[in-house]
Trainee: 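Quick one: this structure, given as structure tokens, is what I'll be asking you about.
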Protein chains: 2
Amino acid sequence: MERITIRDIARISGVSKSTVSLVINNSPKVDPETRRRVLRVISKHNYVPSVAASALAKGKSPFIGMIVPGLTWRMVAPMNYGVASVVETTPYEIILYTSTNDHDYASVIDRMLTSGLSAGVLVIAQDQPMDPLLDLHAQGVPVVLINTLGSSVDLPSVEADSYEGARTAIRHLLDLGHRRIASLQGPMKYRCCQDRQRGYEDALAEAGVTADPAFTVPSDFDPVLARERTRELLDRADRPTAVFAHNDSTAYAVMEAADDRGLRIPDDLSLVGFDDIPSSAHVRPALTTVAQPFVEMGRHAARMLLAAIPSTERTAGEDPPAPIRIGLETTLVVRASTGPAPG
Amino acid sequence: MERITIRDIARISGVSKSTVSLVINNSPKVDPETRRRVLRVISKHNYVPSVAASALAKGKSPFIGMIVPGLTWRMVAPMNYGVASVVETTPYEIILYTSTNDHDYASVIDRMLTSGLSAGVLVIAQDQPMDPLLDLHAQGVPVVLINTLGSSVDLPSVEADSYEGARTAIRHLLDLGHRRIASLQGPMKYRCCQDRQRGYEDALAEAGVTADPAFTVPSDFDPVLARERTRELLDRADRPTAVFAHNDSTAYAVMEAADDRGLRIPDDLSLVGFDDIPSSAHVRPALTTVAQPFVEMGRHAARMLLAAIPSTERTAGEDPPAPIRIGLETTLVVRASTGPAPG
DNA sequence: CTGAAAGCGCTTACAG
DNA sequence: CTGAAAGCGCTTACAG
């Protein structure tokens, strides 16, 4: 069966290719009656315009590139879900670029540029270099970051409000009577971790609690290191009664460390994480944590990107959105890992 | 900056567009010297052929469609990783079709057909209807399923060897002295669950243990139901000393049910799951489970699909691979949820 | 409101 | 081994 083309539709409906094209592209200057007739023929014959041909003729592609980190990141599923839910309402399709660890991140960008296919790019941030993205952006390709890690980049981005999230988490702990609260940090080069730390400090200060510097423990998101650091922390004579871990996986490490030291959660030690990755509802005890609105982050980012892609539908005068950084609201999910301060 | 085209390259290197095209497509009939010269110009000017134009001219697209279930599925990250790692060695790109729950699955397929973009389709199976895929396949679009759930479909597919996996799991339990072993089933309409059940039964039979029919407990992959069913099971006077859950999330539900009944794992009850989703290493106690080779499944599926796409590189005579079902080997990961039978 | 024509950037027989 | 020409299936001024 031969592919049916615009020429066939034109012939069958008794109009020119131009007219069919105008109908396809929703031009208002087609006579309503003609339009209806053409549409009928189109649907009767199940005609679908060739994407390749129209991309070539129009000089632009209906794709948005999405760069996702290879493995590990538990948040990509919900984010992707959010992105997909808005993209599917548009004529765009998503091209997936997975940055596997083997091949360098830059080569993914390269590949993307090479294909020249993406009208815009969504990147789920990992710990990647920002320069290639800035280049892209400079070349006029809209870029939106989801979950920025790097400190400040001049690229539009959407993430969760880490500062407020942390503040809320600490207040929860304070409300439970805790005063000796530790902060198990993530990599402090990440802006989100800086924000979480600030939230921790401010909440404490607001409550008139002086933070013990020894309770701010430097670590990173590596579970092994986190477990080790927590062990040391718990070995102190004046150990904390609660710890705020900068993300959920690190919180799991705290659970293990507590276990190692024979401490029960939440009876001997309260614990709150950050992220609310799916498994946090299933660990025992279930983790109290600050939930990031992953789905909404995906949605928001997709909308921002779409808005930034110059479209025929948009009035030419409109400016592309400024490179803003959006911080979406988090939710504290109270589960079983936090309880009243002991004693 | 204007896009540089094949015509520019031709002009600069002093050859015709045809020749440049032949060089791009690795035709052997270009003089090596000419080839080198053209290649030099290409790289000097950073020329990249327009994908849209070549797709149009060639009449086929360099895309493979990948359909993934919206949320929830913990295995898609590693599978996607596997797929990406092989696709990135080819000229193909991946178009991501996420079947969000809102919009029906069939519409995703429809959208895919509509774009007419995919030279082949990879689908990470959920509980979706197979008919649209069979249609696709019938229309000559290669389709490969990853992780087939449905019973038998006549589509090539790659999955884990559930039968052997289950058998190994049960043998592990038998070796630990367990005789009263329960099987907490998944939806038995799924072929993989049928296989797991067979593996359970056969391992028992081989060891000369008669399976108590009451120990085969029908359930599905819904945690709430699984927890309820397990509670009932544990309330029996002659309760089992071990349970084999047909997947990891259900195993988590067993943990909760055991907790509800004051039973400790593994002291009072041993537990093994199936899948080895990432969180299983983190639940307490860490779950002993049958690991599916997700990354390898993705790799294998991608290779099968690529092989099934008629390419100019393949000799015309070669037959497309038959619709086989591949079962990749699983690995039993022994962690903390299994121990010697009590008593 | 509609049609004829040129063009988007490649590829592919076909000559030579 | 190389080039001229036609064609892939659309879109877009330009006339009318």
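Within every chain, numbering begins at 1; the chains are lettered A, B, ... in the order of the sequence lines, protein sequences first and strands thereafter. Hydrogens, waters and symmetry mates play no part in the numbers below; they use all other heavy atoms, side chains included.
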Trainee: Taking DNA chain D as the partner, which of residues 20-30 of chain A come within under 4.0 angstrom of it by heavy atom?
Mentor: A:S21, A:N25

Trainee: Tell me if a side-chain donor or acceptor on A:N80 pairs with a main-chain N or O of A:A77 at a distance below 3.5 Å.
Mentor: no

Trainee: Find every protein N or O atom lying less than 3.5 Å from an N or O atom of nucleotides 5-9 of chain D, and list the pairs.
Mentor:
residue: D:dC8; atom: O2; partner: B:A57; partner atom: N; Å: 3.4
residue: D:dG9; atom: N2; partner: A:A53; partner atom: O; Å: 3.4

Trainee: For the side chain of A:S118 and the backbone of A:V121, is there at least one donor-acceptor N/O pair under 3.5 Å apart?
Mentor: no

Trainee: For B:K29, does its backbone N or O pair with a side-chain atom of B:S27 as donor and acceptor, under 3.5 Å?
Mentor: yes

Trainee: Can you sort out which residues in residues 32-39 of chain B have a heavy atom within less than 4.0 Å of DNA chain D? Ascending by number, please.
Mentor: B:T34

Trainee: Donor-acceptor check, side chain of B:T90 to backbone of B:Y92, threshold 3.5 angstrom: yes or no?
Mentor: yes

Trainee: Search all heavy atoms of B:A308 against all heavy atoms of B:P142 and return the closest pair with its distance.
Mentor: O-CG, 3.4 Å

Trainee: If the cut-off is 4.0 Å, is A:T19 near the phosphate of C:dG3, judged by side-chain N/O to OP1 or OP2?
Mentor: yes

Trainee: Which residue pairs pass the ring pair (Phe, Tyr, Trp, His ring centres under 6.0 Å) test with at least one member in residues 6-42 of chain B, sequence neighbours excluded?
Mentor: none

Trainee: Could you write out DNA chain C as dot-bracket? Rules: Watson-Crick or G-U wobble, both distances under 3.5 Å, brackets [ ] for crossings, | for pairs with another strand, dot for unpaired.
Mentor: |||.||||||||.|||

Trainee: Quick check for you: to the nearest 0.5 Å, what is the distance between A:I124 atom CD1 and A:I146 atom CD1?
Mentor: 5.0 Å

Trainee: Under 3.5 Å, is there a donor-acceptor pair between the B:S21 and B:S18 side chains?
Mentor: no

Trainee: Atom CG of A:N25 and atom NZ of A:K58: how far apart are they, to the nearest 0.5 Å?
Mentor: 4.0 Å

Trainee: Heavy-atom distance under 4.5 Å between the side chains of A:L155 and A:H137, does that happen here?
Mentor: yes

Trainee: Answer yes or no: is there a donor N or O on one side and an acceptor on the other, between the side chain of A:R299 and the main chain of A:S85, under 3.5 Å?
Mentor: no

Trainee: Excluding sequence neighbours, so at least two apart, what forms salt bridge (charged side-chain N to carboxylate O under 4.0 Å, His left out) with A:R7?
Mentor: none

